[in-house]
Amino acid sequence: MQNQTYNPASVEAKWQRVWAEQGAFRAEASHSKPKFYGLIEFPYPSGAGLHVGHPRSNTAMDIIARKRRRQGYNVLYPIGWDAFGLPTENYAIKNHVHPRAVTQENIARFRSQLEALGFSFDWSRQVDTTDPAYYKWTQWIFLRMFEKGLAYKAEMPVNWCVSCKCGLANEEVVDGVCERCGGEVVRRVKSQWMLRITDYAQKLLDGLDTVDFIDKVKLQQRNWIGRSEGAEVDFALEGSPETIRVYTTRPDTLFGATYMVLSPEHPLVDGLAGRIQNADEVAAYRVAASRKSDFERTELAKDKTGVPLAGIRAINPATGAPIPVWISDYVLVTYGTGAIMAVPAHDTRDWAFAKKFGLPIVEVVAGGDVQAAAYTDVADGVLVNSGFLDGLRVAEAKARMTGWLAEKGLGQRKVNYKLRDWVFSRQRYWGEPIPLVRCEHCGWVAVPEDQLPVELPDVARYEPTDSGESPLAAMTDWVRAACPKCGGPAQRETDTMPQWAGSSWYFLRYADPHNPDMLAALRELQYWLPVDWYNGGMEHTTLHLLYSRFWHRFLYDIGAVPCPEPYRKRTSHGMILGANGEKMSKSRGNVINPDDIVAELGADAFRLYEMFMGAFDQPIPWSTQGARGCRRFLDRVWRLADMLQPADGLSPALAPAIHAAIKKVSEDYERMKFNTAIAAMMSLVNDFYAAGSITKGDLAALLHLLNPVAPHITEELWQSLGLGRPLYAQPWPAWDEAALARDTVEIAVQIGGKVRGRIQVPADMTAEQAAAELPGHPRVLELLGGKPIRKLIFVPGRLLNLVV
RNA sequence: GCGGGCGUGGCGGAAUGGCAGACGCGCCAGACUUAGGAUCUGGUGCCGCAAGGCGUAUGAGUUCAAGUCUCUUCGCCCGCACCA
């Protein structure tokens, strides 16, 4: 047996070489076996290199993938690069190099870092979103959406990041600032490409019922889509043919609508211009509102502001009473109809507004004190002051009023979503060109498929411009094009796609990564899809995860993919925090570089620690001391060889513990309870040392279980046992329930629920036997001290509780 | 404000309603050592010499039995946020 000390550096390099030479982790081309497709979010190859967060997800899925291979599955565990993006572009600008060169360097570094950690990726399938052979298909998908009317250009107030000089999607604005750089975000009206994700709101919602995502993810997506049911109602204007249409979720409260509010941007304000008596005041308010960023309008301005439209009155269709019309920026032009009926008695915002401006508050649902606060309870309320609704409960009144409105032609049932269309243009260089040209005669025309990809041209300057135009706009030769339809003069679109484009379908490309003719052959997609298990960060729930579900569902609708949902199962890992419990960041000085840990302790110890440090789905502070403990464990495993007996089978004394460990570890891996799986293996090793000597069979069992977490050291020890083919190619061990059984167990004896002692009883003792035999047990008699037993509770294998 | 989650030793954390603190870190003592940031042995929730008592944020409740279920209060985290 080997007696050298454990040297991870040489062991790990050796096995990484062997795996590469043997093509150990290549997905098999044959479709004969059952498949398993495990996915982790492909990294953005930043200049900072890998951080300790990446391996947490990668190791977890690596464990699953390695176990699945050994369970006989054909496993696809791929990796690639989400390589377009602003940081690379900004770095390139600063250092006067081409973003492509920066990207290549970063990818090379990331790849070597990932390889050093021994992940069982199929490197032959790696994809790179910046590769024209890849983004050809990103452009192709965009054109299909364009054809179907899902991509459209619109003048939109967009979220403009002042520092990136670029428009952002709603999802990219976090706490009112740019998600990426933290810069100020203002509203700016720009002509933008949009994707009609709102057309898919219901499908995206319904699809959630068919997939196995953790509840938190489903809930967050549901909230983000934000479905609500209510009614649209038309309010007539006094002395005018115009009407104001509103959306409300509370049609039952129509009798309590005492005024109306339009958003400042509502078109009707222009339409009524001639009749508004305080036009100057209204105009001033609109200008002031337009200057506010969304941040100011929402976060900072809970205090209501507004101006009445003097001379304008609407008619409440339920009461027939004239009511005033106001404009206020608490009503958003982007939601519903951009106008509301205000029911101050039963809506907190309307209530605050009415109190501030002295508008009438009329109670229509009994149960609160509406002069003191809005009463919003819909469960118990009963309608009052509401004509034909009086006496009805809220739910019933809603239905009755909706029916009444439909009957009178005043409104109808309506479903609304908070989800908004996806702003898809970016005014930057390092992204996929949008494959459209604008012809003076034909308008926007798709670049024909045989001319894809529209490649990103080399430009002299990448700097974003203050005018809000992409740097590509300065490339006049490139911009000039012939219209594919009429041959006339045309100009290319110079905006590029957002980073989310390439990542919205990358998992499809892995199924058939080198296909020159289509995004992936249907035959391959039919075999590999859907992704069986996708692990990633919670921060992508309403961005990448939602976007990619949208794209996938669209591709399903046009017949390009075989299943409606891309991911069968979605789990999420917790973030690794700095040792001080704060988020790791350069500015906080608490960043851990995985390279340093691998150099000191080895990749296996690093992997082991990342899986052991705490519950997988919880955020957790880093502790290098804890990582050293994991290295100590591996040292102990290595030294087990010193007490090895040549026998093959399991030691009789250790067999029950080994079978229990096989069961525990096998089950815990599946539930991503990696920390307790590892604790069980540590306990087993403690048992081994306590036993004094172990057989080859004992050690082999441990190596089987530990292999997915610490693949290098286990292969090395396995080889030293001389048990044949490498461990990665060995079947996953089974446990024998019968072997778990022990003859006797120690159970607790409780008196009145408090533990007073322990006794040995046969493991298979039933409640009847216990009731018959245990009251006479000497230790039980002693604990009872002569008191009579009133009640006896026996939990097999666990405890005896005596009530006295 | 709305929605979700969580409060367990010095620390990370275990615990199908059934022996709270597994496993690890740290710490204490000892052994082996020229040496120890190596290794091994023992100890380590709190109070107490002990017997014993007290302990899972808080207060109540259900139960033979509650960290776990129900309600209260306090605190923390995450998501959304004037979405009518």
Side-chain angles (χ1 to χ4, degrees), chain A residues 5 174-176 215-224 226-228 230 246-250 253 257 260-261 263 294 297-299 301-305 328-332 334-343 346-350 352-353 376 416-420 538-539 541-542 574-575 579 581 608-609 612-615 617-630 632-633 635-636 639 673 675-686 689 746-758 790-804:
Chain A
T5 52
V174 174
D175 293 336
D215 291 342
K216 219 169 140 185
V217 167
K218 285 193 184 186
L219 191 70
Q220 247 182 63
Q221 288 207 348
R222 284 199 184 103
N223 289 343
W224 189 260
R227 181 191 155 103
S228 69
V246 302
Y247 171 70
T248 178
T249 55
R250 296 292 305 275
T253 61
M260 302 190 77
V261 187
S263 77
D294 274 348
R297 252 177 93 150
T298 59
E299 305 285 319
K302 298 284 187 190
D303 197 29
K304 300 282 184 289
T305 61
S328 170
D329 62 8
Y330 87 90
V331 175
L332 308 175
T334 47
Y335 183 77
T337 62
I340 61 158
M341 65 177 210
V343 185
H346 305 291
D347 180 281
T348 51
R349 297 150 302 178
D350 297 344
F353 192 85
T376 56
N416 253 321
Y417 303 91
K418 290 186 197 173
L419 187 69
R420 300 190 209 163
M538 277 309 293
E539 70 276 17
T541 302
T542 54
M575 199 189 309
L608 190 70
Y609 175 60
F612 180 64
M613 60 197 301
D617 59 352
Q618 295 301 118
I620 206 92
W622 177 268
S623 158
T624 300
Q625 225 17 270
R628 293 198 180 106
C630 287
R632 263 200 294 270
F633 169 67
D635 286 328
R636 272 163 72 76
R639 288 195 311 268
K673 296 248 177 194
N675 54 336
T676 49
I678 292 164
M681 292 186 277
M682 289 172 166
S683 283
L684 187 63
V685 169
N686 290 344
Y689 274 98
E746 187 182 73
I747 64 166
V749 180
Q750 297 183 335
I751 307 291
K754 285 201 181 289
V755 178
R756 295 298 174 191
R758 297 159 215 291
R790 283 231 321 257
K791 189 168 178 184
L792 180 148
I793 295 121
F794 179 74
V795 183
R798 291 199 176 269
L799 59 73
L800 172 73
N801 186 15
L802 302 169
V803 186
V804 296

Check the chi torsion on B/rG9 and let me know: syn if it falls within 90° of 0, anti if not. syn

Does the side chain of [Y] come within less than 4.5 Å of [X]'s, by heavy atoms?
{"X": "A/Arg250", "Y": "A/Asp347", "value": "no"}
{"X": "A/Met613", "Y": "A/Asn675", "value": "no"}
{"X": "A/Phe612", "Y": "A/Met681", "value": "no"}
{"X": "A/Met341", "Y": "A/Thr253", "value": "yes"}
{"X": "A/Asn801", "Y": "A/Lys791", "value": "no"}

How many Å lie between [atom1] on [X] and [atom2] on [N], as a whole number?
{"X": "A/Ile793", "N": "B/rA66", "atom1": "CD1", "atom2": "C1'", "value": "14 Å"}
{"X": "A/Arg227", "N": "B/rA84", "atom1": "CZ", "atom2": "P", "value": "12 Å"}
{"X": "A/Trp622", "N": "B/rG24", "atom1": "CH2", "atom2": "P", "value": "18 Å"}
{"X": "A/Arg222", "N": "B/rC78", "atom1": "CZ", "atom2": "P", "value": "23 Å"}
{"X": "A/Ile751", "N": "B/rG18", "atom1": "CD1", "atom2": "C1'", "value": "15 Å"}
{"X": "A/Asp215", "N": "B/rC78", "atom1": "CG", "atom2": "C1'", "value": "15 Å"}
{"X": "A/Tyr335", "N": "B/rC80", "atom1": "OH", "atom2": "C1'", "value": "13 Å"}
{"X": "A/Arg250", "N": "B/rC82", "atom1": "CZ", "atom2": "C1'", "value": "17 Å"}

Can you check whether [Y]'s main-chain N or O pairs, donor with acceptor, with [X]'s side chain at less than 3.5 Å?
{"X": "A/Ser328", "Y": "A/Thr305", "answer": "yes"}
{"X": "A/Gln221", "Y": "A/Thr541", "answer": "yes"}
{"X": "A/Asn416", "Y": "A/Ser228", "answer": "no"}
{"X": "A/Tyr330", "Y": "A/Phe353", "answer": "no"}
{"X": "A/Tyr609", "Y": "A/Ser623", "answer": "yes"}

Of the nucleotides [options], which one has an atom closest to the side chain of [X]?
{"X": "A/Trp224", "options": "B/rU39, B/rG18, B/rC80", "result": "B/rC80"}
{"X": "A/Arg628", "options": "B/rG37, B/rC40, B/rC82", "result": "B/rG37"}
{"X": "A/Met682", "options": "B/rC64, B/rA84, B/rC23", "result": "B/rC23"}
{"X": "A/Arg636", "options": "B/rC40, B/rA84, B/rG24", "result": "B/rC40"}
{"X": "A/Arg639", "options": "B/rG37, B/rA84, B/rC40", "result": "B/rC40"}

[atom1] atoms of [N] and [M], separation to the nearest Å:
{"N": "B/rG55", "M": "B/rG9", "atom1": "C1'", "result": "10 Å"}
{"N": "B/rU8", "M": "B/rA14", "atom1": "P", "result": "12 Å"}
{"N": "B/rU33", "M": "B/rU39", "atom1": "C1'", "result": "10 Å"}
{"N": "B/rU62", "M": "B/rC69", "atom1": "C1'", "result": "8 Å"}
{"N": "B/rU72", "M": "B/rC82", "atom1": "C1'", "result": "31 Å"}
{"N": "B/rA57", "M": "B/rU70", "atom1": "P", "result": "15 Å"}
{"N": "B/rC54", "M": "B/rA66", "atom1": "P", "result": "14 Å"}
{"N": "B/rC25", "M": "B/rC32", "atom1": "C1'", "result": "24 Å"}

Given RNA chain B, 5'-ward residue of the pair A/Lys418 and A/Leu802, judged by closest heavy atom: A/Leu802

Heavy-atom nearest nucleotide on RNA chain B for A/Asn223 versus A/Asn416: which residue maps closer to 5'? A/Asn223

Please find the pair of heavy atoms, one from A/Tyr689 and one from A/Arg636, that lie closest to each other, and give the distance. OH-O, 2.7 Å

Side-chain N,O ([X]) to OP1/OP2 ([N]) below 4.0 Å:
{"X": "A/Asn686", "N": "B/rA22", "answer": "no"}
{"X": "A/Tyr330", "N": "B/rA84", "answer": "no"}
{"X": "A/Gln625", "N": "B/rG26", "answer": "yes"}
{"X": "A/Arg632", "N": "B/rC25", "answer": "yes"}
{"X": "A/Lys216", "N": "B/rG4", "answer": "no"}
{"X": "A/Ser228", "N": "B/rA84", "answer": "yes"}

Just to be sure I understand the rule, does [X] reach a base, reach only the sugar-phosphate, or reach nothing, if contact means heavy atoms closer than 4.0 Å?
{"X": "A/Arg756", "answer": "sugar-phosphate"}
{"X": "A/Val795", "answer": "base"}
{"X": "A/Leu799", "answer": "base"}
{"X": "A/Ser683", "answer": "sugar-phosphate"}
{"X": "A/Gly226", "answer": "nothing"}

Indicate for each nucleotide in nucleotides 7-15 of chain B, in 5' to 3' sequence, whether protein heavy atoms under 4.0 Å reach the base (B), only the sugar-phosphate (S), or nothing (-). -----BSS-

Which distance, rounded to the nearest 0.5 Å, do you find between the CZ of A/Arg798 and the CD of A/Gln750? 12.0 Å

Point-to-point distance, once rounded to the nearest 0.5 Å, from OG1 of A/Thr334 to NZ of A/Lys418: 12.0 Å

Pairing pattern in dot-bracket form [Watson-Crick, G-U; both distances under 3.5 Å; | = partner strand] for RNA chain B: (((((((..(((.....[....)))((((((.......))))))(((....)))..(.(((..]....))).))))))))....

